Amino acid sequence: MSPDSQKTPYNPPALEFKSSTFSVPVLVLSSNDLAIIEQQLQAKIRLAPEFFRNSPLVLDVQELNKKDLDIDIAELMEILRKPGLLPIGIRGGSLNQNKKALALQIPVYSINSGNTVAEAQKQKTITPPAPEPKTSTATTTLITHPIRSGQRLYASGDLVILAQVSAGAEILAEGNIHIYGTLRGRALAGVQGNTEARIFCSDLQAELISIAGNYKISEDLQAIARNKPVQMYLQDHTIIIKDI
Amino acid sequence: MARIIVVTSGKGGVGKTTTSAAIAMGLAKKGHKTAVIDFDVGLRNLDLIMGCERRVVYDFVNVINGEATLNQALIRDKNCNLLYILPASQTRDKDALSQEGVGKILEDLSKDFKYIVCDSPAGIEKGAHLAMYFADDAFVVTNPEVSSVRDSDRMLGILASKSRRAEQNQEPIREYLLLSRYSPDRVKLGEMLSVDDVQEILSLHLLGVIPESKSVLNASNSGTPVILDEKSDAGQAYSDIVARYLGEDKPHRFIDGKKGLFGKFFGSK
(Lines give C-alpha, C1' and ligand atoms only; values in the text may rest on other atoms or scores of the structure.)
Protein backbone atom coordinates (compact mmCIF):
# COMPACT_ATOMS: atom_id res chain seq x y z
CA MET A 1 0.00 0.00 0.00
CA SER A 2 1.36 3.38 -0.88
CA PRO A 3 1.89 5.88 1.89
CA ASP A 4 -0.68 8.16 0.25
CA SER A 5 -3.66 5.99 0.98
CA GLN A 6 -2.89 5.87 4.67
CA LYS A 7 -3.06 9.55 5.36
CA THR A 8 -5.77 10.54 7.76
CA PRO A 9 -7.88 13.35 6.42
CA TYR A 10 -9.07 16.35 8.45
CA ASN A 11 -8.44 16.85 12.20
CA PRO A 12 -5.60 19.11 13.22
CA PRO A 13 -2.70 17.84 11.13
CA ALA A 14 0.04 16.15 13.15
CA LEU A 15 2.40 16.19 10.23
CA GLU A 16 2.98 17.99 7.01
CA PHE A 17 4.99 17.23 3.91
CA LYS A 18 7.14 20.08 2.82
CA SER A 19 9.78 20.41 0.22
CA SER A 20 13.28 21.70 0.89
CA THR A 21 16.47 21.76 -1.06
CA PHE A 22 19.65 20.43 0.54
CA SER A 23 23.19 20.56 -0.55
CA VAL A 24 24.50 17.01 -0.43
CA PRO A 25 27.90 15.76 -1.61
CA VAL A 26 27.69 13.50 -4.63
CA LEU A 27 30.28 10.79 -5.18
CA VAL A 28 30.84 10.29 -8.90
CA LEU A 29 32.49 6.98 -9.73
CA SER A 30 34.55 6.43 -12.84
CA SER A 31 35.96 3.02 -11.94
CA ASN A 32 34.29 -0.16 -10.77
CA ASP A 33 37.36 -1.51 -9.03
CA LEU A 34 36.24 -1.67 -5.42
CA ALA A 35 39.79 -1.95 -4.05
CA ILE A 36 40.90 1.24 -5.82
CA ILE A 37 37.72 3.04 -4.78
CA GLU A 38 38.26 2.14 -1.13
CA GLN A 39 41.90 3.19 -1.23
CA GLN A 40 41.26 6.56 -2.87
CA LEU A 41 38.26 7.24 -0.66
CA GLN A 42 40.27 6.73 2.51
CA ALA A 43 42.98 9.03 1.20
CA LYS A 44 40.42 11.77 0.61
CA ILE A 45 38.78 11.36 3.96
CA ARG A 46 42.12 11.55 5.74
CA LEU A 47 42.42 15.12 4.44
CA ALA A 48 39.26 16.24 6.27
CA PRO A 49 37.99 13.55 8.61
CA GLU A 50 35.55 15.84 10.46
CA PHE A 51 33.94 16.96 7.24
CA PHE A 52 33.18 13.45 6.09
CA ARG A 53 32.08 12.02 9.46
CA ASN A 54 28.36 11.12 9.30
CA SER A 55 28.06 13.06 6.09
CA PRO A 56 25.16 12.16 3.81
CA LEU A 57 26.21 11.12 0.35
CA VAL A 58 24.55 10.50 -2.97
CA LEU A 59 26.18 7.96 -5.22
CA ASP A 60 26.43 8.77 -8.93
CA VAL A 61 27.12 5.72 -11.12
CA GLN A 62 26.13 7.37 -14.38
CA GLU A 63 29.67 7.42 -15.74
CA LEU A 64 30.12 3.75 -14.96
CA ASN A 65 26.97 2.77 -16.77
CA LYS A 66 27.97 4.86 -19.77
CA LYS A 67 31.11 2.72 -19.98
CA ASP A 68 29.04 -0.41 -19.34
CA LEU A 69 30.90 -1.09 -16.12
CA ASP A 70 28.78 -2.82 -13.49
CA ILE A 71 29.43 -2.48 -9.82
CA ASP A 72 28.21 -4.37 -6.77
CA ILE A 73 26.04 -1.82 -4.98
CA ALA A 74 25.88 -3.78 -1.73
CA GLU A 75 29.63 -4.06 -1.41
CA LEU A 76 30.12 -0.43 -2.42
CA MET A 77 27.76 0.65 0.35
CA GLU A 78 29.83 -1.30 2.85
CA ILE A 79 32.97 0.50 1.70
CA LEU A 80 31.26 3.90 2.01
CA ARG A 81 29.85 3.22 5.46
CA LYS A 82 33.14 1.98 6.89
CA PRO A 83 34.72 5.48 7.19
CA GLY A 84 31.47 6.98 8.52
CA LEU A 85 29.72 8.18 5.34
CA LEU A 86 25.92 7.81 5.19
CA PRO A 87 24.78 7.02 1.66
CA ILE A 88 21.26 8.44 1.15
CA GLY A 89 20.72 7.80 -2.50
CA ILE A 90 21.87 6.60 -5.85
CA ARG A 91 21.46 8.16 -9.24
CA GLY A 92 22.20 7.12 -12.77
CA GLY A 93 21.92 3.45 -11.82
CA SER A 94 20.79 0.65 -14.08
CA LEU A 95 17.50 -1.09 -13.43
CA ASN A 96 19.31 -3.85 -11.59
CA GLN A 97 21.42 -1.44 -9.54
CA ASN A 98 18.38 0.56 -8.57
CA LYS A 99 16.64 -2.59 -7.42
CA LYS A 100 19.61 -3.53 -5.29
CA ALA A 101 19.79 -0.03 -3.83
CA LEU A 102 16.12 -0.11 -2.89
CA ALA A 103 16.59 -3.50 -1.24
CA LEU A 104 19.20 -1.76 0.92
CA GLN A 105 16.70 1.04 1.61
CA ILE A 106 18.71 3.48 -0.47
CA PRO A 107 16.38 5.83 -2.43
CA VAL A 108 16.79 6.13 -6.17
CA TYR A 109 17.05 9.60 -7.67
CA SER A 110 16.37 10.27 -11.29
CA ILE A 111 18.63 12.32 -13.49
CA ASN A 112 17.69 14.13 -16.62
CA SER A 113 19.67 11.89 -18.91
CA GLY A 114 20.13 8.19 -19.45
CA ASN A 115 17.58 5.61 -20.45
CA THR A 116 17.16 4.38 -16.90
CA VAL A 117 15.26 7.46 -15.83
CA ALA A 118 11.85 6.25 -16.88
CA GLU A 119 12.24 3.05 -14.92
CA ALA A 120 13.69 4.86 -11.98
CA GLN A 121 10.70 7.19 -11.80
CA LYS A 122 8.28 4.32 -11.87
CA GLN A 123 9.99 2.68 -8.88
CA LYS A 124 8.22 3.10 -5.63
CA THR A 125 10.53 4.74 -3.16
CA ILE A 126 10.37 3.87 0.49
CA THR A 127 11.20 7.29 1.85
CA PRO A 128 9.65 10.00 -0.31
CA PRO A 129 12.57 11.82 -1.90
CA ALA A 130 11.66 15.48 -2.06
CA PRO A 131 7.98 15.21 -3.06
CA GLU A 132 6.73 17.76 -5.57
CA PRO A 133 6.04 20.86 -3.50
CA LYS A 134 2.29 21.28 -3.66
CA THR A 135 1.91 24.98 -3.21
CA SER A 136 4.66 26.18 -5.47
CA THR A 137 4.12 23.93 -8.49
CA ALA A 138 0.31 24.16 -8.54
CA THR A 139 -0.78 26.76 -11.00
CA THR A 140 -3.12 29.64 -10.43
CA THR A 141 -6.73 29.10 -11.41
CA LEU A 142 -8.31 32.10 -13.13
CA ILE A 143 -12.10 32.44 -13.24
CA THR A 144 -13.74 35.23 -15.21
CA HIS A 145 -17.42 34.41 -14.69
CA PRO A 146 -19.50 34.84 -11.53
CA ILE A 147 -19.62 31.92 -9.09
CA ARG A 148 -23.33 31.38 -8.54
CA SER A 149 -25.27 30.13 -5.55
CA GLY A 150 -24.84 26.38 -5.18
CA GLN A 151 -21.64 26.22 -7.20
CA ARG A 152 -18.48 24.87 -5.65
CA LEU A 153 -14.98 25.47 -6.88
CA TYR A 154 -11.72 23.89 -5.77
CA ALA A 155 -8.27 25.12 -6.78
CA SER A 156 -5.13 23.21 -5.89
CA GLY A 157 -3.08 26.40 -6.03
CA ASP A 158 -4.10 30.04 -5.92
CA LEU A 159 -7.54 31.10 -7.05
CA VAL A 160 -8.23 34.38 -8.84
CA ILE A 161 -11.83 35.36 -9.54
CA LEU A 162 -12.55 38.42 -11.66
CA ALA A 163 -16.27 38.42 -10.84
CA GLN A 164 -18.51 38.09 -7.82
CA VAL A 165 -19.02 35.06 -5.60
CA SER A 166 -22.72 34.77 -4.82
CA ALA A 167 -24.33 33.88 -1.52
CA GLY A 168 -24.57 30.12 -1.26
CA ALA A 169 -21.48 29.53 -3.39
CA GLU A 170 -18.32 27.97 -2.00
CA ILE A 171 -14.78 28.46 -3.21
CA LEU A 172 -11.82 26.54 -1.85
CA ALA A 173 -8.13 26.90 -2.58
CA GLU A 174 -4.99 25.32 -1.21
CA GLY A 175 -3.28 28.66 -1.72
CA ASN A 176 -4.50 32.27 -1.71
CA ILE A 177 -7.86 33.51 -2.92
CA HIS A 178 -8.25 36.81 -4.79
CA ILE A 179 -11.73 38.08 -5.62
CA TYR A 180 -12.04 41.22 -7.72
CA GLY A 181 -15.75 41.46 -7.03
CA THR A 182 -18.09 41.10 -4.11
CA LEU A 183 -17.65 38.05 -1.91
CA ARG A 184 -21.05 36.98 -0.63
CA GLY A 185 -20.51 33.24 -0.38
CA ARG A 186 -17.97 31.13 1.46
CA ALA A 187 -14.26 31.40 0.82
CA LEU A 188 -11.80 28.89 2.26
CA ALA A 189 -8.10 29.43 1.67
CA GLY A 190 -5.21 27.18 2.68
CA VAL A 191 -7.55 24.21 2.92
CA GLN A 192 -4.61 21.79 3.11
CA GLY A 193 -3.28 23.57 6.14
CA ASN A 194 -1.26 26.40 4.59
CA THR A 195 -1.41 29.00 7.37
CA GLU A 196 0.35 31.55 5.14
CA ALA A 197 -2.61 31.64 2.73
CA ARG A 198 -4.57 34.87 2.45
CA ILE A 199 -7.92 35.96 1.10
CA PHE A 200 -8.30 39.25 -0.78
CA CYS A 201 -11.58 40.71 -1.96
CA SER A 202 -12.85 44.08 -3.09
CA ASP A 203 -16.06 43.90 -1.05
CA LEU A 204 -16.50 41.60 1.92
CA GLN A 205 -20.05 40.39 2.53
CA ALA A 206 -19.12 36.75 3.03
CA GLU A 207 -21.13 34.04 4.72
CA LEU A 208 -17.93 32.45 5.94
CA ILE A 209 -14.22 32.93 5.54
CA SER A 210 -11.64 30.36 6.54
CA ILE A 211 -7.86 30.13 6.44
CA ALA A 212 -6.24 26.78 7.22
CA GLY A 213 -9.29 25.67 9.20
CA ASN A 214 -9.67 28.86 11.26
CA TYR A 215 -12.89 30.55 10.35
CA LYS A 216 -15.18 33.52 10.89
CA ILE A 217 -18.87 33.51 10.05
CA SER A 218 -21.03 36.30 8.72
CA GLU A 219 -22.03 37.43 12.24
CA ASP A 220 -18.39 38.06 13.11
CA LEU A 221 -17.96 40.15 9.98
CA GLN A 222 -20.75 42.64 10.53
CA ALA A 223 -18.44 45.28 11.92
CA ILE A 224 -16.33 45.23 8.76
CA ALA A 225 -17.01 48.12 6.43
CA ARG A 226 -18.50 47.06 3.13
CA ASN A 227 -17.61 48.31 -0.30
CA LYS A 228 -13.91 48.48 0.26
CA PRO A 229 -11.09 46.11 -0.48
CA VAL A 230 -9.81 44.02 2.39
CA GLN A 231 -7.38 41.22 3.00
CA MET A 232 -7.59 38.41 5.52
CA TYR A 233 -4.68 36.51 6.99
CA LEU A 234 -3.84 34.37 9.95
CA GLN A 235 -2.08 35.56 13.08
CA ASP A 236 -1.90 33.31 16.15
CA HIS A 237 -4.72 31.14 14.81
CA THR A 238 -6.98 34.16 14.48
CA ILE A 239 -8.14 35.66 11.22
CA ILE A 240 -7.12 39.29 10.92
CA ILE A 241 -9.09 41.47 8.50
CA LYS A 242 -7.38 44.59 7.25
CA ASP A 243 -8.04 47.24 4.66
CA ILE A 244 -5.74 47.18 1.70
CA MET B 1 -32.20 26.80 -37.03
CA ALA B 2 -34.49 28.00 -34.32
CA ARG B 3 -33.36 29.94 -31.31
CA ILE B 4 -34.37 28.07 -28.12
CA ILE B 5 -35.37 30.31 -25.21
CA VAL B 6 -35.91 28.93 -21.72
CA VAL B 7 -38.02 30.90 -19.29
CA THR B 8 -36.83 29.87 -15.86
CA SER B 9 -36.48 31.07 -12.28
CA GLY B 10 -35.89 28.32 -9.76
CA LYS B 11 -38.60 29.68 -7.51
CA GLY B 12 -42.26 29.09 -8.18
CA GLY B 13 -44.97 31.69 -8.62
CA VAL B 14 -42.77 34.44 -9.99
CA GLY B 15 -44.45 34.58 -13.40
CA LYS B 16 -42.67 32.08 -15.65
CA THR B 17 -45.77 30.86 -17.44
CA THR B 18 -47.19 34.38 -17.79
CA THR B 19 -43.84 35.45 -19.24
CA SER B 20 -43.57 32.43 -21.56
CA ALA B 21 -47.03 33.09 -22.96
CA ALA B 22 -46.39 36.81 -23.37
CA ILE B 23 -42.95 36.43 -24.94
CA ALA B 24 -44.07 33.70 -27.33
CA MET B 25 -47.04 35.79 -28.41
CA GLY B 26 -44.87 38.86 -28.76
CA LEU B 27 -42.37 37.08 -31.00
CA ALA B 28 -45.15 35.63 -33.14
CA LYS B 29 -46.83 39.03 -33.43
CA LYS B 30 -43.54 40.39 -34.73
CA GLY B 31 -43.78 37.89 -37.56
CA HIS B 32 -41.59 35.07 -36.27
CA LYS B 33 -42.97 31.55 -36.30
CA THR B 34 -42.85 30.54 -32.65
CA ALA B 35 -43.59 27.44 -30.59
CA VAL B 36 -44.09 27.48 -26.85
CA ILE B 37 -43.64 24.26 -24.88
CA ASP B 38 -44.97 23.56 -21.41
CA PHE B 39 -42.33 21.56 -19.50
CA ASP B 40 -44.39 21.48 -16.31
CA VAL B 41 -45.58 17.90 -16.78
CA GLY B 42 -48.20 17.05 -14.17
CA LEU B 43 -48.97 20.70 -13.34
CA ARG B 44 -49.88 21.99 -16.74
CA ASN B 45 -50.89 25.66 -16.84
CA LEU B 46 -49.66 27.14 -20.06
CA ASP B 47 -52.74 25.97 -21.98
CA LEU B 48 -54.93 27.89 -19.51
CA ILE B 49 -52.93 31.10 -19.86
CA MET B 50 -52.95 30.70 -23.65
CA GLY B 51 -56.67 29.91 -23.61
CA CYS B 52 -56.34 26.66 -25.52
CA GLU B 53 -57.15 24.15 -22.75
CA ARG B 54 -60.27 22.96 -24.53
CA ARG B 55 -58.34 22.02 -27.63
CA VAL B 56 -55.71 19.75 -26.06
CA VAL B 57 -55.83 16.28 -27.60
CA TYR B 58 -52.26 15.06 -27.51
CA ASP B 59 -49.44 16.40 -25.39
CA PHE B 60 -45.67 16.61 -25.02
CA VAL B 61 -45.38 13.16 -23.39
CA ASN B 62 -47.46 11.54 -26.15
CA VAL B 63 -45.02 12.88 -28.70
CA ILE B 64 -41.98 11.71 -26.71
CA ASN B 65 -43.50 8.24 -26.43
CA GLY B 66 -44.32 8.15 -30.14
CA GLU B 67 -48.08 7.97 -29.50
CA ALA B 68 -48.69 11.10 -31.55
CA THR B 69 -46.80 13.13 -34.11
CA LEU B 70 -45.60 16.63 -33.37
CA ASN B 71 -48.11 18.07 -35.83
CA GLN B 72 -50.95 16.30 -34.05
CA ALA B 73 -49.93 17.67 -30.67
CA LEU B 74 -49.14 21.28 -31.65
CA ILE B 75 -52.09 23.62 -31.11
CA ARG B 76 -52.30 26.70 -33.29
CA ASP B 77 -53.07 29.83 -31.28
CA LYS B 78 -56.44 31.43 -31.91
CA ASN B 79 -55.05 34.98 -31.89
CA CYS B 80 -51.95 34.52 -33.97
CA ASN B 81 -51.42 31.94 -36.67
CA LEU B 82 -47.64 32.01 -36.31
CA LEU B 83 -47.84 30.77 -32.70
CA TYR B 84 -48.12 27.11 -31.71
CA ILE B 85 -48.47 25.58 -28.26
CA LEU B 86 -47.20 22.17 -27.19
CA PRO B 87 -49.05 21.42 -23.95
CA ALA B 88 -47.75 19.32 -21.07
CA SER B 89 -49.39 16.13 -19.90
CA GLN B 90 -51.45 16.53 -16.75
CA THR B 91 -51.69 12.83 -15.94
CA ARG B 92 -47.97 12.07 -15.92
CA ASP B 93 -44.96 13.35 -14.00
CA LYS B 94 -41.55 14.75 -14.93
CA ASP B 95 -40.01 11.27 -15.21
CA ALA B 96 -41.98 10.82 -18.42
CA LEU B 97 -39.53 13.26 -20.04
CA SER B 98 -36.21 12.01 -21.34
CA GLN B 99 -33.25 13.97 -22.60
CA GLU B 100 -33.23 12.13 -25.92
CA GLY B 101 -36.98 12.60 -26.34
CA VAL B 102 -36.84 16.33 -25.59
CA GLY B 103 -33.78 16.75 -27.80
CA LYS B 104 -35.51 15.03 -30.70
CA ILE B 105 -38.63 17.19 -30.41
CA LEU B 106 -36.60 20.41 -30.22
CA GLU B 107 -34.58 19.32 -33.21
CA ASP B 108 -37.73 18.62 -35.23
CA LEU B 109 -39.29 21.94 -34.20
CA SER B 110 -36.07 23.78 -35.08
CA LYS B 111 -36.52 22.91 -38.75
CA ASP B 112 -39.80 24.73 -38.97
CA PHE B 113 -39.81 27.42 -36.28
CA LYS B 114 -37.81 30.60 -35.69
CA TYR B 115 -38.16 30.66 -31.90
CA ILE B 116 -38.94 27.93 -29.40
CA VAL B 117 -39.95 29.10 -25.93
CA CYS B 118 -39.58 26.52 -23.16
CA ASP B 119 -41.71 27.22 -20.11
CA SER B 120 -39.71 25.68 -17.25
CA PRO B 121 -41.33 24.26 -14.14
CA ALA B 122 -40.21 25.59 -10.75
CA GLY B 123 -37.37 23.86 -8.94
CA ILE B 124 -34.08 22.56 -10.22
CA GLU B 125 -35.08 18.94 -10.76
CA LYS B 126 -35.57 16.96 -13.94
CA GLY B 127 -38.30 19.08 -15.56
CA ALA B 128 -36.41 22.32 -15.04
CA HIS B 129 -33.16 20.68 -16.08
CA LEU B 130 -34.56 19.41 -19.37
CA ALA B 131 -36.27 22.74 -20.07
CA MET B 132 -32.95 24.59 -19.91
CA TYR B 133 -30.60 21.88 -21.19
CA PHE B 134 -30.92 22.67 -24.92
CA ALA B 135 -31.42 26.43 -24.54
CA ASP B 136 -29.58 29.16 -26.45
CA ASP B 137 -31.02 32.03 -24.41
CA ALA B 138 -32.36 32.12 -20.87
CA PHE B 139 -34.94 34.55 -19.54
CA VAL B 140 -34.49 34.46 -15.79
CA VAL B 141 -37.69 35.69 -14.17
CA THR B 142 -37.09 37.15 -10.73
CA ASN B 143 -39.28 38.89 -8.20
CA PRO B 144 -37.69 41.71 -6.21
CA GLU B 145 -37.31 39.74 -3.00
CA VAL B 146 -34.37 37.85 -1.52
CA SER B 147 -35.53 34.25 -1.86
CA SER B 148 -36.43 34.69 -5.52
CA VAL B 149 -33.11 36.40 -6.21
CA ARG B 150 -31.22 33.61 -4.45
CA ASP B 151 -33.04 30.92 -6.44
CA SER B 152 -32.38 32.77 -9.69
CA ASP B 153 -28.71 32.90 -8.82
CA ARG B 154 -28.75 29.15 -8.27
CA MET B 155 -30.47 28.64 -11.62
CA LEU B 156 -27.85 30.84 -13.33
CA GLY B 157 -25.19 28.56 -11.90
CA ILE B 158 -26.96 25.55 -13.36
CA LEU B 159 -27.32 27.28 -16.74
CA ALA B 160 -23.59 27.97 -16.73
CA SER B 161 -22.54 24.44 -15.83
CA LYS B 162 -25.18 21.84 -16.70
CA SER B 163 -26.54 22.94 -20.06
CA ARG B 164 -25.66 21.36 -23.38
CA ARG B 165 -23.71 24.47 -24.35
CA ALA B 166 -21.70 24.19 -21.14
CA GLU B 167 -21.12 20.45 -21.51
CA GLN B 168 -20.02 20.78 -25.13
CA ASN B 169 -17.87 23.82 -24.39
CA GLN B 170 -19.82 26.02 -26.77
CA GLU B 171 -20.54 29.70 -26.38
CA PRO B 172 -22.48 29.94 -23.08
CA ILE B 173 -26.24 30.50 -22.86
CA ARG B 174 -27.14 34.20 -23.12
CA GLU B 175 -28.77 35.14 -19.84
CA TYR B 176 -31.30 37.94 -19.42
CA LEU B 177 -32.96 39.27 -16.30
CA LEU B 178 -36.69 39.90 -16.24
CA LEU B 179 -37.76 41.53 -13.02
CA SER B 180 -41.45 40.86 -12.52
CA ARG B 181 -44.11 41.98 -10.04
CA TYR B 182 -42.17 45.20 -9.49
CA SER B 183 -43.76 47.92 -7.43
CA PRO B 184 -41.83 51.23 -7.33
CA ASP B 185 -43.95 52.46 -4.44
CA ARG B 186 -42.99 49.51 -2.27
CA VAL B 187 -39.35 49.92 -3.27
CA LYS B 188 -39.52 53.49 -2.02
CA LEU B 189 -40.93 52.28 1.29
CA GLY B 190 -38.03 49.86 1.55
CA GLU B 191 -40.35 46.84 1.38
CA MET B 192 -38.95 45.56 -1.87
CA LEU B 193 -35.52 45.23 -3.46
CA SER B 194 -34.83 47.83 -6.12
CA VAL B 195 -33.73 47.08 -9.69
CA ASP B 196 -30.22 48.15 -8.73
CA ASP B 197 -30.17 45.85 -5.69
CA VAL B 198 -31.18 42.86 -7.80
CA GLN B 199 -28.75 43.71 -10.58
CA GLU B 200 -25.93 44.09 -8.11
CA ILE B 201 -26.59 40.68 -6.62
CA LEU B 202 -27.12 38.88 -9.93
CA SER B 203 -24.90 41.00 -12.19
CA LEU B 204 -27.05 40.19 -15.17
CA HIS B 205 -28.22 42.09 -18.24
CA LEU B 206 -31.67 43.55 -17.53
CA LEU B 207 -34.08 42.88 -20.35
CA GLY B 208 -37.02 44.53 -18.67
CA VAL B 209 -39.07 45.27 -15.59
CA ILE B 210 -42.68 44.07 -15.46
CA PRO B 211 -44.71 46.06 -12.96
CA GLU B 212 -47.07 44.42 -10.49
CA SER B 213 -50.38 44.71 -12.28
CA LYS B 214 -53.89 43.39 -11.94
CA SER B 215 -54.02 43.13 -15.70
CA VAL B 216 -51.85 39.99 -15.39
CA LEU B 217 -54.47 38.17 -13.33
CA ASN B 218 -57.24 39.37 -15.63
CA ALA B 219 -55.32 38.13 -18.64
CA SER B 220 -54.73 34.73 -17.00
CA ASN B 221 -58.40 34.41 -16.11
CA SER B 222 -59.50 35.20 -19.63
CA GLY B 223 -56.85 33.01 -21.26
CA THR B 224 -55.22 35.74 -23.35
CA PRO B 225 -51.54 36.49 -22.92
CA VAL B 226 -51.17 39.84 -21.15
CA ILE B 227 -49.05 41.20 -24.01
CA LEU B 228 -52.25 41.43 -26.09
CA ASP B 229 -53.66 43.90 -23.54
CA GLU B 230 -51.87 46.84 -25.12
CA LYS B 231 -53.29 49.33 -22.68
CA SER B 232 -51.96 47.59 -19.61
CA ASP B 233 -48.57 48.45 -18.14
CA ALA B 234 -47.60 44.78 -17.91
CA GLY B 235 -48.56 44.24 -21.54
CA GLN B 236 -46.44 47.20 -22.62
CA ALA B 237 -43.57 45.98 -20.47
CA TYR B 238 -43.63 42.64 -22.26
CA SER B 239 -43.82 44.35 -25.67
CA ASP B 240 -40.72 46.34 -24.73
CA ILE B 241 -38.97 43.15 -23.61
CA VAL B 242 -39.66 41.38 -26.89
CA ALA B 243 -38.49 44.44 -28.84
CA ARG B 244 -35.30 44.68 -26.81
CA TYR B 245 -34.65 40.97 -27.23
CA LEU B 246 -34.98 41.41 -30.99
CA GLY B 247 -32.40 44.17 -30.86
CA GLU B 248 -34.53 47.32 -30.72
CA ASP B 249 -33.36 50.11 -28.47
CA LYS B 250 -36.12 50.82 -25.98
CA PRO B 251 -35.57 52.82 -22.81
CA HIS B 252 -36.53 51.06 -19.59
CA ARG B 253 -39.91 51.96 -18.16
CA PHE B 254 -41.85 51.14 -14.99
CA ILE B 255 -38.73 51.40 -12.82
CA ASP B 256 -39.66 54.56 -10.95
CA GLY B 257 -43.10 55.59 -9.76
CA LYS B 258 -43.64 58.27 -12.41
CA LYS B 259 -46.62 57.21 -14.43
CA GLY B 260 -46.84 57.97 -18.10
CA LEU B 261 -50.01 59.06 -19.85
CA PHE B 262 -51.21 55.49 -20.03
CA GLY B 263 -50.28 54.98 -16.42
CA LYS B 264 -52.39 57.93 -15.32
CA PHE B 265 -55.48 56.57 -17.01
CA PHE B 266 -55.00 52.86 -16.66
CA GLY B 267 -52.47 52.81 -13.83
CA SER B 268 -51.82 49.71 -11.83
CA LYS B 269 -52.64 49.20 -8.18
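The structure presented is a predicted model; accordingly, all values stated were derived computationally and were not measured. Below, chain A is the first sequence line, B the second, and so on; all start at residue 1.
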J.: How about the chain A/chain B donor-acceptor pairs under 3.5 Å, what are they, with distances?
T.:
residue, atom, partner, partner atom, Å
A:Arg148, NH1, B:Asp153, OD1, 2.9
A:Arg148, NH1, B:Leu202, O, 2.7
A:Arg148, NH2, B:Leu202, O, 3.0
A:Ser149, N, B:Asp153, OD2, 2.7
A:Gln151, NE2, B:Gly157, O, 3.1
A:Gln164, NE2, B:Ile201, O, 2.9
A:Gln164, NE2, B:Ser203, OG, 2.7
A:Ser166, OG, B:Asp153, OD1, 3.0
A:Ser166, OG, B:Asp153, OD2, 2.8
A:Arg184, NH2, B:Glu200, OE2, 3.1

J.: Determine whether more than 12 heavy atoms belonging to other residues, nucleotides or ligands lie under 6.0 Å from atom NZ of A:Lys242.
T.: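 Counting neighbours around NZ of A:Lys242, 12 or fewer heavy atoms of other residues, nucleotides or ligands fall under 6.0 Å, so no.
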J.: Of all of B:Ile158, B:Val149, B:Ile201, which one pairs up most often with chain A through heavy atoms under 4.5 Å apart?
T.: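 So the answer, after comparing B:Ile158, B:Val149, B:Ile201, is B:Ile201.
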J.: Relative to chain A, which segment of B:Leu204 carries a heavy atom at a distance below 4.5 Å: side chain, backbone, both, or neither?
T.: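 Interface part for B:Leu204: side chain.
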